[in-house]
Amino acid sequence: MTPETNVRRRLAAALVSLAIMAPAAAFDLNSDTPIKVTADNARLDDAKGIATYTGDVELEQGQTRLDAERVVLYRDANGLSRIEASGEPARYRQPARDGKGETDARALNITWSATDQRITFEREAIIEQNGNLFRGNIIHYDTQDRVVTAEGGTDTGSGPGRVEMVIQPRSNDSRTE
């Protein structure tokens with residue numbers, strides 16, 4: 001097997017593993033649960049459908065939570081269409097799909113798009129769940145197809161930045177079942 005084939009297989013295995021640990025459907029616009037926003041300051045431009053919140057912003061829907069220094073909500077004729085968050089870092093948390101643990105994601109910029117059904121974590125992006133970790137410069141998560149793609153960044157050192165993944169071993173209990 002060539003080294004290139006090994007790299008491709010490891011990358012494919014890493015992305016499959018991340019898809020298992022990735023966030024579920026993010027914010028659910030079909031839910032009866034409202035999205036609650038609190039912040040130090042708010043500005044609503046009703047004509048443009050843009051609400052900007054700054055200063056210790058907390059956005060919640062059920063147990064899904066987004067904390068940031070600045071959050072911009074975009075509304076169109078169908079309702080909420082996009083959320084842009086930034087912070088040092090902005091933080092997204094949601095219960096894990098299987099109900100065990102929590103997905104904890106951080107990045108300097110987090111964007112959720114209802115139209116694209118995608119969450120994008122940009123700049124210093126990290127996703128953790130149950131000890132598993134995924135890190136990259138940009139991580140895209142397709143919430144409908146449950147597909148994750150990641151990009152390394154440019155490194156100021158000797159070469160390009162890299163995507164990193166740490167996968168915890170299965171417990172002894174799950175191996176014997």
Side-chain angles (χ1 to χ4, degrees), residues 11-29 35-43 50-75 80-98 101-157 159-168:
L11 179 59
L15 291 176
V16 167
S17 297
L18 181 61
I20 293 168
M21 71 178 230
F27 296 101
D28 184 1
L29 300 182
I35 295 175
K36 176 184 171 186
V37 183
T38 60
D40 293 338
N41 302 291
R43 180 179 187 276
I50 299 173
T52 303
Y53 300 89
T54 56
D56 197 19
V57 183
E58 298 174 352
L59 190 142
E60 294 179 3
Q61 183 182 40
Q63 294 181 324
T64 301
R65 183 178 174 109
L66 177 64
D67 298 305
E69 285 303 309
R70 181 175 193 266
V71 172
V72 181
L73 304 178
Y74 296 88
R75 296 181 64 86
L80 186 62
S81 62
R82 184 175 178 88
I83 299 171
E84 295 176 356
S86 59
E88 293 290 329
R91 186 172 182 193
Y92 172 85
R93 291 176 308 222
Q94 179 177 27
R97 187 179 309 263
D98 63 3
E102 177 180 72
T103 298
D104 186 354
R106 298 174 303 281
L108 298 181
N109 297 306
I110 300 173
T111 304
W112 172 80
S113 171
T115 307
D116 299 334
Q117 297 181 327
R118 175 186 282 196
I119 303 173
T120 301
F121 303 91
E122 295 179 274
R123 298 178 47 223
E124 301 176 25
I126 299 170
I127 299 175
E128 294 179 274
Q129 185 182 71
N130 299 331
N132 298 309
L133 176 130
F134 197 69
R135 181 187 328 254
N137 189 49
I138 300 175
I139 302 172
H140 299 285
Y141 178 62
D142 180 321
T143 60
Q144 179 174 350
D145 296 333
R146 295 173 42 187
V147 174
V148 176
T149 57
E151 302 171 24
T154 54
D155 190 19
T156 57
R162 305 198 19 115
V163 175
E164 174 188 5
M165 180 169 226
V166 176
I167 304 169
Q168 297 300 315

For [X] versus [Y], what's the shortest heavy-atom pair and its separation?
X: Pro89; Y: Leu108; value: CA-CD2, 4.1 Å
X: Tyr74; Y: Leu80; value: O-CD1, 3.4 Å
X: Glu122; Y: Ala107; value: O-CB, 3.4 Å
X: Ala90; Y: Ala68; value: CB-CB, 3.9 Å
X: Glu151; Y: Val163; value: C-CG2, 3.7 Å
X: Ile110; Y: Ala105; value: CD1-O, 4.5 Å

- State which residue, out of Gln129, Arg65, Arg91, fulfils the side-chain contact (heavy atoms from CB on, under 4.5 Å) condition with Asp104. Arg91

- Task: Would you mind telling me which of Leu73, Asn41, Val72 makes a side-chain contact (heavy atoms from CB on, under 4.5 Å) with Tyr53?
- Result: Leu73

- Query: Any sub-3.5 Å donor-acceptor pair from Gln168's side-chain atoms to Gly131's backbone N or O?
  - Reply: yes

- Query: With no hydrogens and no angle check, is any side-chain donor or acceptor of Thr54 less than 3.5 Å from a backbone partner on Arg70?
  - Reply: no

When rounded to the nearest 0.5 angstrom, what is the spacing between [atom1] in [X] and [atom2] in [Y]?
X: Gln61; Y: Lys36; atom1: CD; atom2: NZ; answer: 13.0 Å
X: Leu59; Y: Ile35; atom1: CG; atom2: CD1; answer: 6.0 Å
X: Asn137; Y: Arg162; atom1: CG; atom2: CZ; answer: 14.0 Å

Quick one, [X] and [Y] - any side-chain contact, counting heavy atoms below 4.5 Å?
X: Pro95; Y: Glu102; value: no
X: Val166; Y: Asn132; value: no
X: Ile126; Y: Phe134; value: no

- Item | Distance-only polar pair, side chains of Thr149 and His140, donor-acceptor under 3.5 Å | no

- So Glu84 and Arg82, salt bridge (charged side-chain N to carboxylate O under 4.0 Å, His left out) or not? Walk me through it. CA-CA 7 Å; Glu84 295 176 356; Arg82 184 175 178 88; 2.8 Å; yes

- Item | By salt bridge (charged side-chain N to carboxylate O under 4.0 Å, His left out) - contacts of Glu69 (at least two apart) | none

- Salt-bridge present (Glu128, Arg106; N to O < 4.0 Å): yes

- Query: Would Arg93 and Asp67 pass as an ion pair if we require N to O under 4.0 Å?
  - Reply: yes

- Taking atom CD of Glu60 as the centre, report whether more than 12 heavy atoms of other residues, nucleotides or ligands fall under 6.0 Å from it. yes

- Worked verdict on Tyr92 versus Trp112 for side chain to side chain contact (heavy atoms under 4.5 Å, CB included): CA-CA 11 Å; Tyr92 172 85; Trp112 172 80; over 6 Å; no

- Message: Between Val71 and Ile83, is the side chain to side chain contact (heavy atoms under 4.5 Å, CB included) condition met? List the steps.
- Response: CA-CA 7 Å; Val71 172; Ile83 299 171; 3.9 Å; yes

- Stepwise side chain to side chain contact (heavy atoms under 4.5 Å, CB included) test for Ile127 and Leu133: CA-CA 6 Å; Ile127 299 175; Leu133 176 130; over 6 Å; no

